[in-house]
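Written below as structure tokens is the structure these notes are about.
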Amino acid sequence: MTVRIAVFASGAGSNLEALLAHFRPTTPARAAAAVVSLVVSNRPSAGALAIAARHEIATAVLPDSNDGRAIRALLDHHGIGLVALAGYLKRIPAEVTEAYRGRAMNVHPALLPAFGGPGMYGAHVHRAVLAAGVRVTGVTVHFVDAVYDHGPIIAQWPVPVGGEDTAASLAARVLRVEHALYPRAVQAVVEQRVVLGNEGRVRGSVFDVQQAAVFSLDGEEVACR
Ligand code: GRF
């Protein structure tokens, strides 16, 4: 049965676009697995809502992002089987994360648990990475619980940090990896190749760990193979 996905976004929506491209009906196997059926935002001006409208996907703006009961009713009304946060800047109420345990995901532009938590979003993350002087950052996809950037990790991918990087150049490189990693991770959860066990451990893997993970030494390209 095709899983109906609700994407929550507060910003431009490039991760939403990556998910739409990945599950586009022109790729039958993927389209059979899942479809983005609803885009939710806390901001009426979010670019993601305009993207959804262009694709004739239902949208909703939350009057109160803390109202778990209303959010659950919205998701139930749309028959949502999976919640995918993509640049959503509000906490998801516990009533929702509990109802969607193992079926709510988020993408974060750093290698959690480092550089995560309240206030760690957008350029703040990349400025903290540069300030820390680390030479590898990356992308984390994780299950969502009631704490910011805290749920069990589904997948991560490294992104090299260059000596001349600015927060903007680093954000752009990380975002390209997000667009490659997140749809693959959503597909793996939809197909139940990755599941959240009752004990809280993530079982399965997005990638066959025997496969080579390649990124070139000049740091400009990352190949998810
Ligand atoms: C991404 O960097 C994502 O990691 C973070 O918010 C940003 C969303 O960007 N959670 P976009 O709105 O998908 O372009």
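Remember, predicted model here, so these are calculated numbers, not experimental data. When a ligand or atom number is given, it counts from 1 through the structure's own listing order. In this chain, numbering begins with 1 at the start of the sequence shown. Just so it is clear, the values below take in all heavy atoms, side chains as well, and ignore hydrogens, waters and symmetry mates.
Taking distance alone, with nitrogen or oxygen atoms compared against 3.5 Å, His108 stays at or beyond that limit from ligand 1. At a 3.5 angstrom cut-off on N or O pairs, Asn15 counts as close to ligand 1. Of the N or O atoms in Ala12, one or more lie within a sub-3.5 Å distance of an N or O in ligand 1. Note: no N/O pair closer than 3.5 Å links Tyr88 and ligand 1 by distance alone.
When the options Leu112, Ile154, Val189 are evaluated for a side-chain contact (heavy atoms from CB on, under 4.5 Å) with Val141, the one that passes is Ile154.
Between the side chains of Ser41 and Arg43, no donor-acceptor pair of N or O atoms lies under 3.5 Å.
Nearest protein neighbour of atom 8 (C) of ligand 1, counting heavy atoms only, is Gly87 CA, 3.6 Å. Residue, atom and distance of the protein heavy atom nearest to atom 2 (O) of ligand 1 are Glu178 OE2, 3.1 Å. Nearest to atom 14 (O) of ligand 1 among the protein's heavy atoms is Ser14 OG, 2.5 Å. The protein atom (non-hydrogen) at minimum distance from atom 10 (N) of ligand 1 is Val107 O, 3.1 Å.
Within the 4.5 Å cutoff, side-chain heavy atoms of Arg24 are placed close to those of His55.
Applying the side-chain hydrogen bond (donor to acceptor under 3.5 Å, both in side chains) rule to pairs touching residues 195-204 yields Glu199-Arg203, sequence neighbours excluded.
At least one donor-acceptor pair under 3.5 Å links the side chain of Tyr148 to the backbone N or O of Leu89.
Distances from ligand 1 to the non-hydrogen atoms of Gly13 include at least one value under 4.0 Å.
For Trp157 and Phe207, the gap between ring centers is short of 6.0 Å.
Salt-bridge check for Arg101 with Asp145: failed, with every basic side-chain N at 4.0 Å or more from each acidic carboxylate O.
Under a 4.0 Å criterion applied to the non-hydrogen atoms of Gly11, ligand 1 contributes the atoms 12 (O).
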